[in-house]
Amino acid sequence: MGMREDIRTARLRDPAARSGLEVFLTSAGLHAIWWHRIAHRLWRWRLRLLARMVAQGARWWTGIEIHPGATIGRRFFIDHGMGVVIGETAEIGDDVMLYHGVTLGGRTLEKVKRHPTVHDGVLIGAGATVLGPITIGARSQIGAMALVTKDVPPDSVATGIPAVARPLDRSAAGTGPDGFLVDPAIHI
């Protein structure tokens, strides 16, 4: 989970990225995940106040709010990032991509698992809201502005308010340079 892998991922998933140096210096999504790793380690060491302070500093700097308790896998990428919120009990797998304005939020004030679990290879479009202790299955896609409050099976596309999931049409989907299949019916 090194910075080089993160920079390669950003260059692969962001067509506007011109060089590794540019990504290193200007990618708010990468800066947010790098600060999150520090905050998450402090959180696991039970230095909770310090972890929250690091997370707040990262939020101020990047416009991306990731609770230090959230668990995030490898090659995670946030494109543009402003307004992204990831809650304390969220779990995010490997090779997940979020666009700006995504919320992985809770629906209860109880101290239980209250945020989504997002499996490997998921793409979540701009402004989508995913609420509660639900599961987004591997290789699924959430369309822009969708409101997801129910589980989404693997290899599905979820769109609408409230979101309705349907199987990903692999024959119609195009592949981006990063290997993501993108269903032509969704807007990301």
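Remark: L25 CG is packed, more than 12 non-hydrogen atoms of other residues, nucleotides or ligands lying under 6.0 Å away. At most 12 heavy atoms of other shown residues, nucleotides or ligands fall within 6.0 angstrom of atom CZ in R41.
Looking at S140, its side chain does come within 3.5 Å of a backbone N or O of P153 through a donor-acceptor pair. T89 places a side-chain N or O within donor-acceptor distance of the main-chain N or O of R114, the cut-off being under 3.5 Å. Of the possible donor and acceptor atoms, none in the side chain of T71 sits under 3.5 Å from a partner among the backbone N and O of E91.
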Inset, instruction - Output, in order, the C-alpha distance, side-chain angles, deciding distance and verdict of side-chain contact (heavy atoms from CB on, under 4.5 Å) for V152 and I142. - result: CA-CA 9 Å; V152 174; I142 308 299; 4.2 Å; yes
Legend entry - ring-ring contact (aromatic ring centres under 6.0 Å, His included) assessment of H40 paired with W43: CA-CA 5 Å; H40 186 66; W43 188 262; 8.5 Å; no
Inset, instruction - Would you sort out whether D120 and R75 count as a salt bridge (Lys or Arg N to Asp or Glu O under 4.0 Å), showing the intermediate values? - result: CA-CA 10 Å; D120 297 346; R75 296 176 302 278; over 6 Å; no
Inset, instruction - Begin from the C-alpha positions of H36 and T62 and carry the test side-chain contact (heavy atoms from CB on, under 4.5 Å) through to its verdict. - result: CA-CA 11 Å; H36 171 71; T62 65; over 6 Å; no
Inset, instruction - Show the numbers, then the answer: is there a salt bridge (Lys or Arg N to Asp or Glu O under 4.0 Å) between D155 and R139? - result: CA-CA 5 Å; D155 300 302; R139 300 168 308 281; 2.7 Å; yes
Legend entry - Intermediate values then yes/no, side-chain contact (heavy atoms from CB on, under 4.5 Å), R13 and D79: CA-CA 8 Å; R13 295 196 178 146; D79 193 15; over 6 Å; no
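The two residues K113 and T117 have their closest heavy-atom pair at NZ-OG1, 3.2 Å. L104 and H115 make their closest contact through O-CD2, 3.6 Å (heavy atoms, listed as atom of the first residue, atom of the second, distance). Of all the heavy atoms in P68 and A55, the pair that sits closest is CD-CB, 3.8 Å. Minimum interatomic distance between R74 and D94 (heavy atoms only, all atoms of both residues): N-OD1, 2.7 Å. The two residues A10 and V23 come nearest to each other via the heavy atoms CB-CG1, 3.6 Å. When all heavy atoms of A163 and V148 are compared, the closest pair comes out as CB-CG2, 3.7 Å.
Linking Ile, Leu, Val, Met, Phe, Trp and Tyr residues whenever their side-chain heavy atoms come within less than 4.5 Å places I134 and V118 in a single cluster. Neither L131 nor L109 shares a network with the other; the hydrophobic side chains, linked directly or stepwise wherever heavy atoms of I, L, V, M, F, W or Y lie under 4.5 Å apart, form separate groups for each. There is a path of hydrophobic side-chain contacts, each under 4.5 Å, that joins I38 to L50. In the hydrophobic clustering of this structure, V96 groups with W34; members are Ile, Leu, Val, Met, Phe, Trp, Tyr whose side-chain heavy atoms approach within less than 4.5 Å, directly or through other members. Two different hydrophobic clusters hold W35 and M53 under the rule that ILVMFWY side chains link at heavy-atom gaps under 4.5 Å.
In this structure, CG on L123 lies 12.0 Å from CD1 on I136, to the nearest 0.5 angstrom. The CD1 atom of I86 lies 8.0 Å from the CD1 atom of I64; values are rounded to the nearest 0.5 Å. Distance check: D14 CG to L30 CG gives 9.5 Å after rounding to the nearest 0.5 Å. If you take CG on L98 and CD1 on I124, they are separated by 5.0 Å, rounding to the nearest 0.5 Å. Considering NE2 of H31 and CZ of F24, their distance stands at 6.5 Å, rounded to 0.5 Å. Taking CG of L49 as the reference point, atom CG of L42 lies at 10.5 Å (rounded to 0.5 Å).
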